[in-house]
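As structure tokens, the structure follows; a few thoughts come after it.
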Number of protein chains: 2
Amino acid sequence: MNDYISENILNLFHEFVNRFIPTEENLFDIIISNFEYKKVARKEILLEAGKTADKIFFLPEGFARFYHTKKEGTEVTSDFYFAPGFITSFTSLIEQKPSIVNIQAMVKMDVLFIKYKNLMSLYEKEHKVERLGRLLAEQVFITSEKHLLSFLNDTPQERYSWLMNEYPEYVKNIPLHFLASYLGITPESLSRIRNRYTK
Amino acid sequence: MNDYISENILNLFHEFVNRFIPTEENLFDIIISNFEYKKVARKEILLEAGKTADKIFFLPEGFARFYHTKKEGTEVTSDFYFAPGFITSFTSLIEQKPSIVNIQAMVKMDVLFIKYKNLMSLYEKEHKVERLGRLLAEQVFITSEKHLLSFLNDTPQERYSWLMNEYPEYVKNIPLHFLASYLGITPESLSRIRNRYTK
DNA sequence: TAAAATCCTTGACTTAAGTTAAGAAATTAT
DNA sequence: ATAATTTCTTAACTTAAGTCAAGGATTTTA
């Protein structure tokens with residue numbers, strides 16, 4: 001399956017993993033041999049709400065959106081993730097319960113992925129991979145906590161400027177109504193806030 | 001230092017750790033030998049904002065509050081934690097940067113703690129402890145995400161009923177103005193919501 | 001057990017966000 | 001290139017939370 005992974009993607013993957021754990025060639029080969037490759041279209045769903053996450057994706061490039069639908073039918077964007085990095089619904093994967101969120105590719109991209117079972121046996125066999133898992137879990141926690149604190153500390157206006165400072169790529173690349181729900185407000189409110197802002 | 005740890009506390013600790021990793025006596029002895037013991041008064045600060053977290057506490061019993069102060073001076077409670085479990089500012093500990101939050105004991109209690117350095121070398125030496133670290137990081141993420149989603153999905157009223165369902169102990173044991181800021185609203189609003197609710 | 005501190009409620013008023021609706025602008029797909 | 005879709009803005013009105021202020025209830029502490 002590796003035959004189809006381009007040199008470029010391989011490098012991005014290796015580099016990313018190396019940020020967290022120094023990998024001798026040997027270990028890296030073991031890791032990569034557990035990953036598969038997939039081409040993904042813009043707007044394609046990587047994980048569908050209701051299904052239990054059974055893989056972790058590595059995005060070498062591009063970005064993805066996490067969203068779910070409320071009872072009333074409104075769609076809520078809970079997160080964005082810009083490459084490079086690993087994504088899945090960690091809650092669904094860890095608890096092995098149906099996912100609340102959908103994960104959607106925002107652009108056409110190539111992804112690698114590892115199946116849950118294989119990840120678990122890698123964790124079992126390779127202490128270093130377990131460490132990678134710990135470090136990644138710590139990172140997603142920190143990101144989630146930042147998002148949470150923006151609700152506890154700031155008004156919607158302030159959250160919008162926080163977002164512009166903390167994640168300028170979001171504001172540049174992402175439709176306003178997705179950002180609005182990420183900030184917990186309506187698109188109309190965000191539009192007004194942005195207006196107040198520029199005057 | 002272990003001489004002073006009561007049998008009861010030791011059992012609670014062992015039981016908790018066992019939930020995550022099966023520990024043969026041997027490994028448990030290694031783990032416990034890295035922990036120290038401390039008596040804590042009600043309202044005592046376990047970690048002070050501005051200082052970098054250098055330990056993880058284990059609470060065998062009791063509960064703690066996480067809070068910080070905004071520029072304007074208002075105090076925000078971002079989290080509560082009920083024993084048994086491990087607490088610290090994970091963000092501060094992981095990044096080794098000054099903590100934003102204070103951690104305060106809500107009742108008189110006994111705690112165990114391990115120093116950051118010792119934890120790191122345990123991670124290094126013991127694959128199983130690294131796993132424990134991964135599993136705990138995953139848990140704190142899941143908790144944080146739930147809290148976050150309550151802001152994205154629900155109105156303050158709904159967050160209050162969510163809180164009553166999800167964490168009834170909070171509502172029973174915690175002053176209303178702490179709960180209010182945990183929900184991202186003023187005490188006055190929470191008081192009114194609660195009133196609407198019972199009529 | 002009395003004084004002090006903390007905690008909770010209520011009222012009057014202000015403000016900002018939600019709702020509904022319509023249309024303009026921009027992007028995407030054929 | 002044009003139609004279709006998606007995205008964004010604006011306006012009028014409603015609603016719920018914030019603010020300020022005061023007083024009562026409860027808990028803590030000396």
Side-chain angles (χ1 to χ4, degrees), chain A residues 41-44 62-63 65 67 69-77 80 104-109 150-164 170-199, chain B residues 40-45 62-63 65 67 69-77 80 104-109 150-164 170-199:
Chain A
R42 183 174 127 86
K43 297 197 181 179
E44 188 172 328
F63 68 112
R65 176 172 81 99
Y67 73 94
T69 306
K70 293 205 262 181
K71 324 100 210 167
E72 330 95 70
T74 23
E75 202 181 79
V76 175
T77 296
F80 301 104
Q104 183 184 43
M106 292 289 281
V107 293
K108 175 169 166 287
M109 60 193 183
S150 79
F151 281 92
L152 291 172
N153 292 328
D154 305 325
T155 62
Q157 285 103 305
E158 291 169 326
R159 285 206 292 284
Y160 180 65
S161 23
W162 165 79
L163 189 72
M164 292 203 301
Y170 287 16
V171 182
K172 274 177 220 137
N173 296 293
I174 296 173
L176 172 141
H177 66 286
F178 291 159
L179 292 182
S181 76
Y182 180 82
L183 294 172
I185 57 178
T186 61
E188 293 90 339
S189 287
L190 182 52
S191 183
R192 276 189 287 251
I193 284 167
R194 188 196 250 178
N195 224 290
R196 274 205 290 267
Y197 213 81
T198 46
K199 274 169 194 166
Chain B
V40 174
R42 183 173 126 88
K43 296 197 181 177
E44 188 171 329
I45 301 297
F63 68 114
R65 176 171 82 101
Y67 74 95
T69 305
K70 293 205 264 182
K71 323 101 211 168
E72 330 97 67
T74 22
E75 201 181 81
V76 175
T77 296
F80 301 104
Q104 183 184 43
M106 293 286 283
V107 292
K108 174 169 167 289
M109 60 194 183
S150 79
F151 282 93
L152 291 172
N153 292 329
D154 304 327
T155 61
Q157 287 103 304
E158 291 169 327
R159 284 206 292 286
Y160 179 65
S161 21
W162 164 81
L163 189 72
M164 292 203 301
Y170 287 16
V171 182
K172 274 176 222 142
N173 296 294
I174 298 173
L176 173 141
H177 67 284
F178 291 160
L179 291 181
S181 76
Y182 179 83
L183 295 171
I185 58 178
T186 60
E188 293 91 336
S189 288
L190 182 53
S191 181
R192 278 183 210 119
I193 283 167
R194 189 196 248 179
N195 224 290
R196 273 205 290 268
Y197 213 81
T198 45
K199 276 168 191 164

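Residue numbering restarts at 1 for every chain, and letters A, B, ... go by the order of the sequence lines. What you see is a predicted model, and the numbers here were worked out from it, not measured in a lab.
Atom-to-atom, CD1 of A/Ile185 to C1' of C/dA16 comes out at 11 Å; the value is rounded to the nearest Å. Rounded to whole Å, the distance from NZ on B/Lys108 to C1' on D/dT28 is 16 Å. Here the P atom of nucleotide C/dT9 and the CD atom of B/Glu188 are 11 Å apart, to the nearest Å. Remark: C1' of C/dG18 and CD of B/Gln157 are 13 Å apart, rounded to the nearest angstrom. The nearest whole Å value for the distance from the CG atom in A/Asp154 to the C1' atom in D/dG18 is 16 Å. Rounded to an integer number of Å, the gap from CG of A/Leu176 to P of C/dA26 is 14 Å. What separates CG of B/Leu183 from P of D/dA17 is a distance of 11 Å, to the nearest Å. For A/Arg159 and C/dA16, the CZ to P distance is 14 Å, given to the nearest whole Å.
Comparing D/dT19, C/dG18, C/dC8 by their nearest atom to the side chain of B/Thr186 picks out D/dT19. In the set D/dA17, C/dT28, D/dA11, D/dA11 carries the atom at the smallest distance from any side-chain atom of A/Arg192. The listed nucleotides are D/dT10, D/dC8, D/dA17; the one nearest the side chain of A/Pro175 is D/dC8. Distances were taken from every side-chain heavy atom of B/Pro156 (C-beta onward) to each of D/dT10, C/dA17, D/dA17; the shortest belongs to D/dA17. Here the nucleotide nearest the side chain of B/Ser191, chosen from C/dT10, D/dA17, D/dT10, is C/dT10.
Cation-pi geometry between B/Arg194 and B/Tyr160 is not satisfied (NZ or CZ under 6.0 Å from the ring centre, within 45° of the ring normal).
Listed pair B/Asn195 / C/dT10 meets the phosphate criterion, a side-chain N or O lying under 4.0 Å from OP1 or OP2. In this model, the phosphate group of C/dT6 is not approached by any side-chain N or O of B/His177 to a distance below 4.0 Å at OP1 or OP2.
For A/Phe63 and A/Phe80, the gap between ring centers reaches or exceeds 6.0 Å.
Inter-axis angle, ends of the helix from C/dC8-D/dG23 to C/dT30-D/dA1, five pairs per end, rounded to 10 degrees: 60°.
Between B/Glu188 and B/Ser191, the side chains place no donor N or O within less than 3.5 Å of an acceptor N or O (distance only, hydrogens not considered). If you check the side chains of B/Thr155 and B/Glu158, you find a donor sitting under 3.5 Å from an acceptor. Side-chain contact annotation: B/Arg159 with B/Ser150, donor-acceptor N/O pair under 3.5 Å absent.
In A/Lys108, the NZ atom is not crowded: 12 or fewer heavy atoms of neighbouring residues, nucleotides or ligands sit closer than 6.0 Å.
Nearest-nucleotide positions on DNA chain D for B/Arg42 and B/Leu190 put B/Leu190 closer to the 5' end.
No hydrogens or angles were tested; on distance alone, nothing pairs the side chain of A/Arg194 with the base of D/dT10 as donor and acceptor under 3.5 Å.
The shortest distance between side-chain heavy atoms of B/Tyr67 and B/Val76 does not fall below 4.5 Å.
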